[in-house]
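Reading through the structure tokens given below for one structure.
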Number of protein chains: 2
Amino acid sequence: MTTSDSSFAQCPTRPPGPESCGAEDWLAFLGHRWNAMILWHLSEGSLRYGALQDRLPGISPKVLSERLAGLVARGLVTRQEVRAAPPEVHYALTQKGIELREIIAQLYEWAENSEA
Amino acid sequence: MTTSDSSFAQCPTRPPGPESCGAEDWLAFLGHRWNAMILWHLSEGSLRYGALQDRLPGISPKVLSERLAGLVARGLVTRQEVRAAPPEVHYALTQKGIELREIIAQLYEWAENSEA
DNA sequence: CTGAATCCGATTGGATACTG
DNA sequence: CAGTATCCAATCGGATTCAG
């Protein structure tokens, strides 16, 4: 791939390369509603589906499922299913998720201090 | 709230109020396409409308205007109009914009290293 | 040159009902 | 409990055209 390829040409930090500009994708992902908040709540520790639902007032089951699937697909969250009488599914941050949460934490901190 | 574990307890729960958590809004804002890239390109220094257009292949004038207006409205970018035969409009980062760009830079860096 | 105005298809998030 | 399946209104980003 050449540097003139428009799909990656605007990547700020890396000239060529296939996946050199993933940060844009991460921002788009985090920009989707609930994603950052889910990440945040999971930083307290493992949580079940229902617990997340309770902590995210207003989220619909469909959207919560979508978000969790996305988080798992990106390797930020693990999904552990426990087959039992009442089924249990536990979600927890991966190391990668913890790292990303750290960066988000800085944004939170900055946002607080930069409030008008 | 008693900061039993984290120091950002007030943010994640978004009640029906206006905007209780600025970081969420910032992420949503940055998640919109082009915004982060515009911020990034402006970190090189002041740029004119056309120069930004050239550096953002595929962006439409409408979207570029929208994005720039948003960036200005949020105090991240300044807009300086020069009345001349060919009108000139210069866009540049504010201190706030520089600060936010720094945080984004960390995401870029993390994204690079976590791709492998 | 720097936009504003319109139109449009695609995507999004949400409400609701239903299932293993 | 932990989702899936539909349906839907709103929003988004892009293309195009026009204007100061």
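These figures come from a predicted structure and were not determined experimentally. Just so it is clear: chains get the letters A, B, ... in the order the sequence lines come, proteins before strands, and each one is counted from 1.
The NE2 atom of B:His90 sits 8 Å away from the P atom of C:dT2 (whole-angstrom rounding). B:Lys62 has its NZ atom 14 Å from the P atom of C:dG9, to the nearest Å. We find that NE2 of A:His32 is positioned 9 Å from C1' of C:dT11, with the value rounded to whole Å.
Contact annotation: the side chain of B:Ile59 never approaches that of B:Leu52 to less than 4.5 Å [non-hydrogen atoms, C-beta and beyond]. Looking at A:Phe29 and A:Leu100, their side chains never come closer than 4.5 Å, going by heavy atoms from C-beta outward. Looking at B:Trp26 and B:Leu76, their side chains come closer than 4.5 Å, going by heavy atoms from C-beta outward. For the pair B:Gln53/B:Leu64, a side-chain contact is recorded, criterion being any heavy-atom separation below 4.5 Å from C-beta on.
Closest of all the heavy-atom pairs between B:Leu47 and B:His41 is CD1-O, 3.7 Å. Between A:Arg48 and A:Pro87 the shortest heavy-atom distance is NH2-O, 3.6 Å. Of all non-hydrogen atoms in A:Gly58 and A:Trp34, the two that sit nearest each other are C-CZ2, 4.2 Å. Closest approach of B:Ala111 to A:Gly22, counting heavy atoms only: CB-C, 4.2 Å. Counting all heavy atoms, side chain and backbone alike, A:Leu27 lies closest to B:Ala36 at CD1-CB, 3.4 Å. What you find for A:Lys96 and A:Gly75 is that their closest heavy atoms are CB-O, 3.5 Å.
A nucleotide of DNA chain D counts as in contact with chain B when one of its atoms lies under 4.0 Å from a heavy atom; the first and last such, 5' to 3', are D:dC12 to D:dG20.
B:Gln53 comes within 4.0 angstrom of no nucleic acid atom, judged by non-hydrogen atoms across all strands.
Place A:Pro87 and A:Ile59 on DNA chain C by their nearest nucleotides, and A:Ile59 ends up nearer the 5' end.
Ring geometry for A:Trp40 versus A:Tyr108: interplanar angle under 30°, hence parallel rather than tilted (30 to 60°).
For the contact set between residues 42-52 of chain B and DNA chain C, defined by any heavy atom under 4.0 Å, the members are B:Arg48, B:Tyr49, B:Gly50. For the segment residues 64-84 of chain A, residues with any heavy atom less than 4.0 angstrom from an atom of DNA chain D are, sorted by number, A:Ser65, A:Arg79.
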